Amino acid sequence: MSKRMGYDFIEIEKKWRKYWSVNNTFRAENKSTKPKFYVLDMFPYPSGQGLHVGHPLGYIASDIYSRYKRLKGFNVLHPMGYDAFGLPAEQYAIETGQHPAITTDGNIERYRKQLELLGFSFDWEREVRTCEPGYYKWTQWIFMQLFKSWYNKKTDKAEPIEALVKSFSKSGTSEVEAHSSEAIEFTADEWLAKSEHEKQETLLHYRLAYLSEAFVNWCPELGTVLANEEVKDGLSERGGFPVERRMMKQWLLRITAYADRLLAGLNEIEWSDALREMQKNWIGKSKGASMRFSVEGSEEKIEVFTTRPDTIFGATFMVLAPEHEMVEKICSEDRKEAVDGYVEQTKKRSERERMAEVKQVSGEFTGAFAIHPFSSEKIPIWISDYVLVGYGTGAIMAVPSGDQRDWEFATHFDIPIVAVISNSDPSKGANEDKDGVMINSDFLNGLKIPEAINTIIDRLEKDQIGEARTNYKLRDSVFSRQRYWGEPFPIYYKDGMPYALGENQLPLKLPDVDKYLPTETGDAPLGRAKNWITEDGLPLDLNTMPGWAGSSWYYLRYMDPGNPDALASKEAIDYWQNVDLYIGGAEHATGHLLYVRFWTKFLYDLGIVPFNEPMKKLVNQGMILGPGGEKMSKSKGNVINPDDLVLKYGADTLRMYEMFLGPLEDSKPWDTHGIEGVFKFLNKLWKLYDDVEDSEPDQEALTALHKTIKKVEGDIENMSFNTSISAFMICVNELSQAKCNSKSILTDLAIIISPFAPHIAEELWEKLGHTESISFSTYPDYDEKYLQRATYEYPVSFNGKVRFKIELSVELSAAEIEREVLEHETSKKWLDGNAPKRVIVVPQRIVNIVV
RNA sequence: GCCCGGAUGGUGGAACUGGUAGACACGCAGGACUUAAAAUCCUGUGACCAUUGCGGUCGUGCGGGUUCAAGUCCCGCUCCGGGUACCA
């Protein structure tokens, strides 16, 4: 017992890693008498680089939380897996011919080893890999359900497409209120008269997963399209290659049908304000009106969207996006050359160039005129790239007195400006404020802006030239990629129309190809696969799904990872419900975190999940920067590898040090020097257990322990791990000082530190004579009675400046405290014979004397 | 431009709902142990003045304000980080 051994972290950590693995210590059962708690990390893409010290930060925090919750009596689900489809493995395959599955498997092995080294309490039996057929079968299945569903605005949920077909057969579109690509109307007879091809074509306008010609972000370098959130500053997020706009036939998901629910749900979840704000802006809901303008000498109407229909009388011109389909139709002969030139120029310029020239005003007059619906005046129609095709209707009524961009355009091209709101000065700039009254506005004159908006909308609706409308910035998501390493679409084509495979044909396995490149005819890589056809010989879709497909529902698969009959059993989903705590990076704000909410709401509509939001609480861990404060990257050569540190100090030291660096959510630079302090601390902790005795603990030790229990418990609940490490250091310093060797104190200490430093805690626990893992113990309750002190050292200040301290009994009343303080020698010195003007006594806080 | 954060010693960071600013570490300096080094332990460490002792003045990015009392609250700036970008 008295034999002293050093802290041999290498042996200790090896021993417990093996123990946990052999005994399946962290296996989570899908039913329990204990309350459930689901802690999830954003699963990693297994890159060839391996982990650096920044990656485990969130995993350490979630692991501490998981282990803590177990000690608090919860049945904890804490799984890990891999987001295994993705571009880097495919790029590597293109370069080397190596099948991406092989590269990916190798990378996963490496990740797994690194993760195991850090002692995480994952239930490894639940590991998932999105690239495995057993997993992507269900990704394909969910896609198929989206394809087979439409969004019913009446019930505000997704419903089977058969119901829509039935309604069409019975009463055409008259009874249907759906989210659709475009407003179409037909009768039951017209529907029934449609050919199969026409019917399918029509249904695509309603399906939640649909094929459509759309402007997409095409990346020639990657040979694929990208979603809006995969493009940053006109370059691809992965690889940094230029991206251009191109019209292509693609799969899209009708996420816009869920815009309002995605917005409303933000109020129900415990996510950071910043993150919810980002999603809110991304959805970009704005209220206004749409109205149709006639075009002089033409049957065509141009529809515009505006948030300020009240300023209609200030509309002195109209602008179409250069890509607007009407441009060609309305353009006059004499303007054709100039207009075509401008359109060409816009097409050629990349997104990036367009953004760089934001401030430059450019545009061309089409030679056509719209007719003002109330004044009947002629309004010239221009094109300019400051109007975007993708937003609203791709056309605006320009009100230069009320919109700064319109004002700049009008000023540049010498177009008249009419003020329509009092206190505007059109010679200086636009008045975008929403106060003032209407002027120069016919029947709106004298109205305040909100009244004017209501009045004009009523009038538009009465005249049937417009209506109130809500617009969203959110676009339907392009869901297909012309790549190899992803989920194949469970879709075949007949007569050029897409049909879903039977559910019994899932998974549709990714076929082998000779090369991971597009075909000679420009088809996606799957075009190289032999026999890529159905049993009936019909061609299968050549696209694959984007990286975020598998990650949009993975949290459900962990609940029941091996299930061959469902994405997870109903029992498992009902038991585990949604994620209680989700930890990951903020960079997924408008991508993954929006899609996973979308898919969850869809699965809710299908009755598969009983909740509307996937993650109740979300915490974004900050980034760990290189020692110089820069992002860690291979090219900068400042990557710190956790394996080296584990070798030198052990995983427990690394875990605690990463937490000690600072608040979880902040970004902070890495400084390897500081790790010594934590290492010394663990050595000190180890020494405390050298000569444990079954003796009665003294008051001091009890106070040290109980204040630490209380502090650490509160800190974990607040995710303030850095301060709990400090608390442990203080506690161990105090116990060492007091030469505490009381078994009862050291037992509780081992338990409360075990979430942070699990290996050493298990070893000490065993030294104390226990035979079962410390994870099965119970978090001790602190007792207030050990925290109460008989005296308090009051800081006494004069005019707010602390002059001396006085130790007084906590039992004293405010009056007694005042008397004691004023009688003190130093008080007399500071009063200098004067009577105090006022004395403030805050019991157990402070005394302040105003002189 | 707009929307969010943030700014505290040489460094990372503490400070609960306004109540002892700088906890806990790193670094640095001095000391003990040692033939020596490592490890360990002890002491000091915001700045300035005083140092014989007591002590004093200033201090949380800058300028104002509220209060007995402000790192914390209010008003006006500066700088840094993140998001977003012609969104009608």
Side-chain angles (χ1 to χ4, degrees), chain A residues 6 232-233 272-278 280-282 284-286 288 290 304-309 311 319 321 354-355 357-361 384-388 390-399 402-406 408-409 432 471-475 586-587 589-590 620 622-623 625 627 629 657 660-663 665-678 680-681 683-684 687 711 714 718 720 722-731 733 736 793-805 836-842 844-851:
Chain A
K232 288 251 164 357
D233 300 329
S272 71
D273 290 345
L275 215 136
R276 288 185 302 174
E277 196 67 18
M278 270 189 241
K280 199 179 147 205
N281 292 339
W282 191 263
K285 180 176 187 171
S286 60
S290 73
V304 302
F305 171 72
T306 176
T307 54
R308 293 295 300 276
T311 60
V319 187
R354 258 171 97 161
M355 283 201 280
E357 294 167 12
V358 159
K359 289 285 152 210
Q360 282 188 29
V361 178
S384 173
D385 62 9
Y386 85 90
V387 174
L388 309 174
Y391 185 76
T393 59
I396 61 162
M397 63 172 208
V399 182
D403 182 289
Q404 192 56 30
R405 291 156 305 174
D406 297 346
E408 272 154 23
F409 194 87
E432 296 184 336
N471 208 32
Y472 297 88
K473 229 160 89 179
L474 184 70
R475 305 281 70 157
E587 65 272 21
T590 52
N620 292 124
M623 228 178 332
L625 308 166
Y657 184 56
F660 188 58
L661 277 178
E665 304 193 36
D666 292 2
S667 287
K668 53 240 158 190
W670 178 264
D671 174 23
T672 295
H673 292 297
I675 203 170
E676 298 275 353
V678 172
K680 278 190 220 166
F681 157 76
N683 278 279
K684 264 195 220 173
K687 272 203 201 111
K711 170 80 176 145
N718 292 324
S720 175
N722 54 328
T723 51
S724 40
I725 309 281
S726 302
F728 282 123
M729 288 173 167
I730 294 168
C731 180
N733 284 345
S736 303
E793 191 182 43
Y794 281 93
V796 179
S797 40
F798 289 79
N799 295 331
K801 282 177 186 158
V802 178
R803 297 303 178 181
F804 68 95
K805 285 166 191 170
K837 234 183 239 164
R838 199 173 152 190
V839 180
I840 289 110
V841 176
V842 184
Q844 301 206 49
R845 269 279 154 83
I846 198 174
V847 176
N848 190 18
I849 298 164
V850 188
V851 190

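Nothing here was measured: the structure is a model prediction, and the numbers come from that model.
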Can you check the [X] [atom1] to [N] [atom2] distance for me, whole Å?
X: A/Lys801; N: B/rA69; atom1: NZ; atom2: C1'; value: 12 Å
X: A/Phe798; N: B/rU20; atom1: CZ; atom2: C1'; value: 14 Å
X: A/Lys680; N: B/rU40; atom1: NZ; atom2: P; value: 6 Å
X: A/Glu676; N: B/rG12; atom1: CD; atom2: C1'; value: 15 Å
X: A/Asn848; N: B/rA70; atom1: CG; atom2: P; value: 9 Å
X: A/Ile849; N: B/rU67; atom1: CD1; atom2: P; value: 21 Å
X: A/Tyr391; N: B/rC86; atom1: OH; atom2: P; value: 12 Å

Tell me what [X] touches on the nucleic acid: a base, only sugar-phosphate, or nothing, going by heavy atoms under 4.0 Å.
X: A/Lys473; result: base
X: A/Asn733; result: sugar-phosphate
X: A/Ile396; result: base
X: A/Phe660; result: base
X: A/Lys684; result: sugar-phosphate
X: A/Ile730; result: sugar-phosphate

Requested in this report: Can you tell me, in whole Å, how much space there is between the P of B/rG55 and that of B/rG64?
Outcome: 32 Å
Query raised in the report: Do side-chain atoms of A/Ser667 reach the backbone of A/Met623 as a donor and acceptor pair under 3.5 angstrom?
Result: yes
So, [X] and [Y]: side-chain donor and acceptor under 3.5 Å apart, yes or no?
X: A/Asn281; Y: A/Lys473; value: no
X: A/Ser726; Y: A/Thr723; value: no
X: A/Tyr657; Y: A/Thr672; value: no

Query raised in the report: Considering only side-chain heavy atoms of A/Tyr386, which listed nucleotide, B/rC24, B/rC86, B/rC68, is closest?
Result: B/rC86
**Report entry** Side-chain-base donor-acceptor pair under 3.5 Å for A/Arg276 and B/rC3
**Finding:** no
